[in-house]
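First up is the structure itself, then whatever we jot down about it.
This structure is a prediction, so every number in the text was calculated from the model and none was measured. Side chains are part of it too, since the values below use all heavy atoms of this structure and drop only hydrogens, waters and symmetry mates.
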Amino acid sequence: MRLYEGTSNLKAFFDIETEEGFLMKGFKIVDGSNGLFVSAPSEKAKDGKYYDRIRIPKELSDELLEKVLSSYRELGGKAPAAQKSDDGPYPF
């Protein structure tokens, strides 16, 4: 995980490697209107919109968010003051 120190809503970049050895690159932690969330890797289509390249089931996304935010905070990342631990649903 690499923390982002700029002035945008982007807070960190990270990659995920599964136990089976699959490496997924390009995840982000973003400070949205409802607090921090994980943004899946995406790409811009011909229509100018961005589309996720990876779909994550709700149960797995909740577990992923918990682990990622824990790592983020251990590295010195800070949640915004309005962030609550029971915010949801998460947009990824």
*Test item: L23 and I16 side chains (from C-beta on) under 4.5 Å apart, heavy atoms*: no

*Would you give the length of the straight line joining atom NZ of K25 to atom CD of E17, rounded to the nearest 0.5 angstrom?*
10.0 Å

*Determine whether more than 12 heavy atoms belonging to other residues, nucleotides or ligands lie under 6.0 Å from atom CD of E20.*
yes

*Given the rule that I, L, V, M, F, W and Y join up when any side-chain heavy atoms are under 4.5 Å apart, are I54 and F22 in one cluster?*
no

*Which value, rounded to the nearest 0.5 Å, describes the distance between M24 atom CE and F14 atom CZ?*
9.5 Å

*asked:* Between D15 and F27, does the side chain to side chain contact (heavy atoms under 4.5 Å, CB included) criterion hold? Intermediate values first, please.
replied: CA-CA 6 Å; D15 302 328; F27 286 88; 5.8 Å; no

*When rounded to the nearest 0.5 angstrom, what is the spacing between NZ in K11 and OH in Y72?*
5.5 Å

*asked:* Nearest 0.5 Å, please: how far is CG in D52 from OH in Y50?
replied: 12.5 Å

*Is D62 close to L64 at the side-chain level, that is, under 4.5 Å between some pair of heavy atoms?*
no

*Heavy-atom pair of closest approach, residues F37 and L65*: CA-CD1, 4.1 Å

*Do M1 and I29 come within less than 4.5 Å of each other through their side chains, counting heavy atoms only?*
yes

*CG-OG distance between L3 and S71, expressed to the nearest 0.5 angstrom*: 10.5 Å

*Smallest separation among heavy atoms of S61 and I56, with atom names*: N-CG2, 3.6 Å

_For the CG atom of L36 and the CZ atom of R73, what is their distance to the nearest 0.5 Å?_
6.5 Å

